[in-house]
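So the structure is just underneath, and the comments pick up after that.
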There are 2 protein chains.
Amino acid sequence: MSSATKTLELLEYFAPTRPEIGLSQLCRLASRDKATTYRGLRSLEQTGFVEQNPVTKRYRLGPALLQLAQTREITVPRKSGAIAPLQTLSQTTGETCHASILSGTTLYKLVSVESPRHSIRVIIDVQTFPLHATASGLCALAFGPDNLIDTAKSALTTYTENTVATEDALLDIIHTARNTGFGFADGSLESDVHSLAAPLYDQTGSFAGAVSVATVASRFTPELKQQIKAQLVTASREISRNWGGTIPAVIEQSWSAVLT
Amino acid sequence: MSSATKTLELLEYFAPTRPEIGLSQLCRLASRDKATTYRGLRSLEQTGFVEQNPVTKRYRLGPALLQLAQTREITVPRKSGAIAPLQTLSQTTGETCHASILSGTTLYKLVSVESPRHSIRVIIDVQTFPLHATASGLCALAFGPDNLIDTAKSALTTYTENTVATEDALLDIIHTARNTGFGFADGSLESDVHSLAAPLYDQTGSFAGAVSVATVASRFTPELKQQIKAQLVTASREISRNWGGTIPAVIEQSWSAVLT
DNA sequence: AACATCGGTTCAAAAAATGAACCAAACCAC
DNA sequence: GTGGTTTGGTTCATTTTTTGAACCGATGTT
């Protein structure tokens with residue numbers, strides 16, 4: 001792993017639950033020597049990616065990220081086109097919803113919306129969705145580029161008893177996703193969390209991401225499942241349209257069959 | 001300069017006017033060997049900072065930036081509290097307005113708002129404001145930490161005939177900014193562009209950034225100047241309040257003296 | 001007062017980065 | 001269709017940088 005990659009990975013430890021990190025704490029988190037971590041932070045600081053809180057001496061994310069994120073969204077507009085449909089989806093289903101975006105072989109969380117309807121809510125605290133263990137990931141495997149399947153096969157991490165563990169089982173659930181037009185995960189990332197997802201397309205005509213709804217297993221009735229599927233279709237069409245794409249006819253057909 | 005810093009600096013070449021950059025073009029822009037540039041891009045790609053457009057093979061900014069920017073704004077909320085007051089400022093003055101934020105010894109552009117009132121508009125296409133050559137920068141020198149003055153002295157880059165060129169001249173205009181409570185630049189970064197700026201404070205009670213109005217020299221009448229100052233004061237108070245800070249009494253006094 | 005932990009620094013040894021030269025493929029001009 | 005140019009990408013001898021154990025002074029804790 002290159003020095004630059006190691007430095008960049010330091011940024012991943014910052015989170016809303018961990019807004020500031022001291023040098024010694026960060027080197028423990030990153031499992032690196034303090035001098036190495038310090039030089040990484042200096043590099044990030046020089047380029048505006050982190051800044052040192054003058055009061056606490058701890059480090060936090062810096063303003064250059066805001067500028068680059070703005071440039072990214074201006075040049076590849078995805079987030080803004082996903083927010084409103086996702087808020088609607090969350091409101092109508094009453095559950096936690098996500099939009100994700102594929103970059104290389106990684107599915108990044110783009111937008112999350114929680115619903116205030118229930119006091120028992122699903123919180124999925126990841127920034128990237130494992131391909132084999134999430135509904136969105138299964139969408140990517142079913143409708144995205146074929147090389148994703150190889151990537152997934154080489155990283156069959158076990159999260160719960162329900163996480164798919166063999167290549168055959170993985171190919172089976174990918175096949176099911178292709179046939180139904182939906183990714184479905186029942187407790188494969190978190191116990192008692194069920195998720196459904198639909199694919200998203202952009203102007204290239206290719207799979208670009210997924211939109212998903214996550215709910216607690218105990219309220220996942222067949223009625224709710226059908227309702228969620230119908231709402232996912234609406235959201236998928238709208239977000240894809242906002243991204244300059246359309247849903248392929250073969251998926252629209254799968255959806256029709258499943259929703260009658 | 002470390003390898004990590006060189007890699008991070010590759011990101012600075014991406015802009016709304018340059019959304020995608022090929023490998024050969026980027027190595028020319030960065031004045032680096034192609035192999036070095038390629039390894040830098042690979043590192044950035046592995047961590048989600050850039051992605052390769054599968055159609056054009058060129059590189060563009062990646063989704064990890066969106067996630068980190070969101071974390072940054074959640075943990076250090078600045079941008080959201082500056083947008084509305086800046087839109088109001090632009091609307092009432094009819095000119096281009098900026099909010100900037102200090103990080104280390106660099107003043108980063110945070111938000112820009114243009115007004116549609118005039119067809120001749122100021123566009124300041126920088127991501128960081130030179131301390132000695134902008135109204136916002138002079139605010140930082142006048143009201144920010146003292147070490148900024150040393151930083152400015154060591155980088156007295158000439159942009160126009162009006163750019164301050166000597167340490168004495170720099171100290172003079174810093175002194176004027178301290179006395180008036182406003183930074184003022186007349187053509188020091190761009191010919192025929194005049195700017196006024198006021199300081200911003202956050203919850204630490206320290207200088208945190210600046211809010212500025214830029215206009216074309218030809219419509220910068222004494223009346224407009226007074227109007228802009230009044231509006232800047234309002235915007236400065238509001239943004240500072242949104243950032244958890246208040247304007248120091250000594251600056252409020254300077255403003256009172258200047259606005260009567 | 002003693003100890004622990006912090007942010008930060010040094011330098012010999014180890015490891016990685018560099019870039020000139022190279023490759024095949026795609027593009028362009030004629 | 002051909003020849004030249006430019007592209008994204010690769011290799012490896014050489015050069016340069018990175019690494020991390022040991023260290024520092026300051027601060028916090030008991």
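Every chain is numbered from 1, with letters handed out A, B, ... down the list of sequences.
Proximity note for Ser24(A) (side chain, C-beta onward) versus dG7(C), dT7(D), dT18(C): the nearest is dG7(C). With dG19(C), dG20(D), dG8(D) as the candidates, the nucleotide lying closest to the side chain of Arg39(A) is dG20(D).
Using a cut-off of 4.0 Å between Lys/Arg side-chain N and Asp/Glu carboxylate O, Glu9(B) and Lys6(B) are scored as not salt-bridged.
Five base pairs at each end of the helix from dA1(C)-dT30(D) to dC30(C)-dG1(D) define two local axes, and these are offset by 50° (rounded to 10°).
Rounded to whole Å, atom C1' of dA26(C) lies 11 Å from atom NZ of Lys57(B). Distance Asp33(A) CG to dC23(D) P: 14 Å, rounded to the nearest Å. Regarding Arg32(A), its CZ atom lies at a distance of 13 Å from the P atom of dA21(D), rounded to whole Å. The interatomic distance linking Leu23(B) (CG) with dC23(C) (P) rounds to 18 Å, in whole Å. Between the P atom of dT9(C) and the CG atom of Leu41(A) lies a distance of 12 Å, rounded to the nearest Å. As rounded to whole Å, 14 Å separates atom P of dA17(C) from atom CG of Leu10(B). Computed from coordinates, the Arg42(B) CZ to dT18(C) P distance equals 16 Å when rounded to whole Å. If you measure from atom CE of Met1(A) to atom C1' of dT19(D), you get 15 Å, rounded to the nearest angstrom.
An OP1 or OP2 oxygen of dC6(C) is reached within less than 4.0 angstrom by no side-chain nitrogen or oxygen of Gln52(A). Side-chain nitrogen and oxygen atoms of Arg28(B) include none within less than 4.0 Å of the OP1 or OP2 phosphate oxygen of dG8(D). Contact annotation: Thr36(B) side-chain N/O to dA17(C) OP1/OP2 distance is not under 4.0 Å. One finds no side-chain N or O of Tyr38(B) lying less than 4.0 angstrom from the OP1 or OP2 phosphate oxygen of dA17(C).
The aromatic rings of Phe129(A) and His98(A) sit perpendicular, their planes meeting at an angle over 60°, well past the 30° parallel limit.
Interface remark: the Lys34(B) side chain does not form any donor-acceptor pair with the dG19(C) base, using a distance-only criterion of under 3.5 Å.
Using a 4.5 Å heavy-atom cutoff, the side chains of His132(B) and Tyr159(B) are in contact. Side-chain contact between Arg18(B) and Leu29(B) is present, with at least one heavy-atom pair separated by less than 4.5 Å.
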(request) Verify side chain to side chain contact (heavy atoms under 4.5 Å, CB included) between Thr75(A) and Phe14(B), making sure each step is shown before the conclusion. (result) CA-CA 10 Å; Thr75(A) 56; Phe14(B) 293 93; over 6 Å; no
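Counting non-hydrogen atoms of other residues, nucleotides and ligands closer than 6.0 Å to CG of Asp150(A) gives a total above 12. Within 6.0 Å of the CZ atom in Arg42(A), the count of heavy atoms belonging to other residues, nucleotides or ligands does not exceed 12.
Both Ala35(A) and Ser3(A) lie close to DNA chain C; mapped to their nearest nucleotides by heavy-atom distance, the more 5′-ward contact belongs to Ala35(A).
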